[in-house]
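Because the structure is predicted, anything quoted here is derived from the model rather than measured.
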Amino acid sequence: MAASTSAGGLRVPAAGAGAESPGSGDLPEGEQPAPPGDLRSVLVTSVLSLEPLDLDLFRGRHYWVPVTRRLFGGQIVGQALVAAAKAVSEDVHAHSLHCYFVRAGDPTVPVLYQVERTRTGKSFSVRSVKAIQHGKPILICQASFQQTQESPVQHQFTMPTVPPPEELLTQEELIQKYLQDPNLVEKYRLGLNKILAQEVPIEIKPVNPPEILCQLSQEPKQLFWVRARGYIGEGDMKLHCCVAAYISDYAFLGTALLPHRQHPVKFMVSLDHSMWFHAPFRADHWMLYECESPWAGGCRGLVHGRLWRRDGVLAVTCAQEGVIRVTQSPAESKL
């Protein structure tokens, strides 16, 4: 099981590390080219950089650990996809992955990724990955890759109409705004400052940020503009899929909590994570992350997500189920 972040608890991105001198590339409208000497995304240089140990065997280390002290599920999914992508040819691209978190990750030791070349076909290839710690799997992943194929059968949903990211505050700016409130209770002030001290290599701009001190129920839907911190460049599409896998797990499961904010959360972890990649995209460009939870019950919550390019193209679809346990109020006496 992997740690999940709650949508009600803000998280703050941090700058990447490593140097790169990028070119401008093809930027979407409203985005500026990266200046010479801009930092290359830490997601590429550190988080998703695996050490090869043997054929189809890799070791991954950790960059950010949530306050839960469990490994961030998005990191394990992203690294598993990196390992799978290293075991296929360059002419195929990831189109789907399906993962199960089977044990909590230990942030004090590296993770081993063992790849099995399950099937290599003419159009599709499947790779199985086990993420291992202390001799036992913590995640099992199946990733499928496909050669590019054209088809007249095409359709997609319509992207929601929202303000552009340039008109919205980052989560860091939102926290600074909350901290300026002289009436803010000290325990909340300490919590917000603790969040500010975290280093998360994702930049996020909530479209309709929830009032963090309010416990009123909300519709189980969220909209974020998201992108990787730093510059990645055109690169291999497999790389951008791996970065998107990392990004997709951030604040995802917390969508299921929005109608139940009156209940303090005791325990929340991901059980599985699935993704389908539809169209090319740049993970270091702004994408709209549309999250919704159609169902919760039995101490579980289900969430669906869609990552949209700025030009309205549906790039990625995600789904996840997780365990959610909350503190329940004592039943009222009938005497």
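Counted within 6.0 Å of OH on Tyr100, heavy atoms from surrounding residues, nucleotides or ligands total 12 or fewer; the atom is thus considered open.
Note that the CG atom of Asp56 and the CZ atom of Arg117 stand 4.0 Å from one another [nearest 0.5 Å]. To the nearest 0.5 Å, the span separating CG on Asn208 from CG on Leu168 amounts to 8.5 Å. For the atom pair OG1 (Thr148) and CD (Glu150), the distance works out to 8.0 Å, reported to the nearest 0.5 Å. One distance of note links CZ of Arg300 with CZ of Arg325; it measures 11.0 Å at 0.5 Å rounding. Taking CD of Gln75 as the reference point, atom OH of Tyr63 lies at 11.0 Å (rounded to 0.5 Å). Distance OG1/Thr317 to CZ/Phe157: 8.5 Å, rounded to 0.5 Å.
Judged by distance alone, the side chain of Arg61 and the main-chain N or O of Ser46 form no donor-acceptor pair under 3.5 Å. Checked by atom type and distance alone, the side chain of Ser274 never pairs as donor or acceptor with a backbone atom of His98 at under 3.5 Å. Although no hydrogens or angles enter the test, the distance criterion places a donor-acceptor pair under 3.5 Å between the side chain of Gln156 and the main chain of Leu314. Checking side-chain atoms of Ser96 against main-chain N and O of Met275 turns up no donor-acceptor pair under 3.5 Å.
Annotation: side chain of His260 is not in contact with side chain of Val265 (no heavy-atom distance under 4.5 Å). Residues Tyr113 and Gln79 are in side-chain contact: their nearest non-hydrogen atoms beyond the backbone lie under 4.5 Å apart. Considering only heavy atoms from C-beta on, His285 stays 4.5 Å or farther from Arg309 through its side chain. When side chains are defined from C-beta on, Asp236 does not count as touching Glu90, because their heavy atoms never get closer than 4.5 Å. When side chains are defined from C-beta on, Gln149 does not count as touching Ser151, because their heavy atoms never get closer than 4.5 Å. Annotation: side chain of Val111 is in contact with side chain of Gln133 (closest heavy-atom distance under 4.5 Å). Considering only heavy atoms from C-beta on, Trp295 comes within 4.5 Å of Glu321 through its side chain. For the pair Val207/Pro163, a side-chain contact is recorded, criterion being any heavy-atom separation below 4.5 Å from C-beta on.
Pro137 approaches Arg103 most closely through the heavy-atom pair O-NH1, 2.9 Å. Here the shortest heavy-atom pairing between Val129 and Ala80 reads CG2-O, 3.7 Å. Across every non-hydrogen atom of Val115 and Ala87, the tightest pair is CG1-CB, 3.8 Å. The nearest pair of heavy atoms linking Ala143 to Leu81 is CB-CD1, 4.0 Å. The minimum heavy-atom distance linking Phe252 with Gly305 is given by the pair CZ-N, 3.5 Å. Minimum heavy-atom separation, Asp284 to Gly233: OD2-N, 3.1 Å.
With respect to Phe145, the side-chain contact (heavy atoms from CB on, under 4.5 Å) criterion is satisfied by exactly one of Val126, Leu97, Val92, Thr120: Val92.
Val102 and Leu253 are assigned to two separate hydrophobic clusters, defined by single-linkage of ILVMFWY side chains at heavy-atom distances under 4.5 Å. Under a hydrophobic clustering in which Ile, Leu, Val, Met, Phe, Trp and Tyr are joined whenever their side-chain heavy atoms come within less than 4.5 Å, directly or via other members, Leu50 and Met237 fall into the same cluster. Hydrophobic cluster membership differs between Phe72 and Leu112, with clusters built from Ile, Leu, Val, Met, Phe, Trp and Tyr side chains linked at under 4.5 angstrom. Linking Ile, Leu, Val, Met, Phe, Trp and Tyr residues whenever their side-chain heavy atoms come within less than 4.5 Å leaves Leu307 and Val313 in two separate clusters. Residue Leu257 is not grouped with residue Leu302 when hydrophobic side chains (ILVMFWY) are merged at heavy-atom distances under 4.5 angstrom, including chains of intermediate members.
The cationic atom of Arg310 (NZ for Lys, CZ for Arg) lies less than 6.0 Å from the six-membered ring centre of Trp225 and within 45° of the ring axis.
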Next on the checklist: Run the side chain to side chain contact (heavy atoms under 4.5 Å, CB included) test on Val47 and Tyr246 for me, step by step, so that the C-alpha distance in whole Å, both residues' side-chain angles and the decisive distance to 0.1 Å come before the verdict.
Outcome noted: CA-CA 9 Å; Val47 180; Tyr246 183 100; 3.5 Å; yes
Checklist entry - Could you walk me through whether Met287 and Val316 pass the side chain to side chain contact (heavy atoms under 4.5 Å, CB included) check? => result CA-CA 10 Å; Met287 292 191 293; Val316 185; 5.8 Å; no
Item to check | Ile232 vs His240, side chain to side chain contact (heavy atoms under 4.5 Å, CB included): CA-CA, chis, key distance, verdict | outcome: CA-CA 8 Å; Ile232 298 176; His240 288 279; 3.7 Å; yes
Item to check | Worked check of side-chain hydrogen bond (donor to acceptor under 3.5 Å, both in side chains) between Thr118 and Ser128 | outcome: CA-CA 6 Å; Thr118 308; Ser128 304; 2.6 Å; yes
Item to check | Worked verdict on Phe58 versus Lys86 for side chain to side chain contact (heavy atoms under 4.5 Å, CB included) | outcome: CA-CA 10 Å; Phe58 306 90; Lys86 289 180 180 294; 3.3 Å; yes
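In this structure, Tyr289 and Phe224 have tilted ring planes: the angle between them lies in the 30° to 60° band.
With respect to the salt-bridge test (charged N to carboxylate O, under 4.0 angstrom), the residues Arg306 and Glu292 qualify. Using a cutoff of 4.0 Å between basic side-chain nitrogens and carboxylate oxygens, Lys221 and Glu290 are not scored as salt-bridged.
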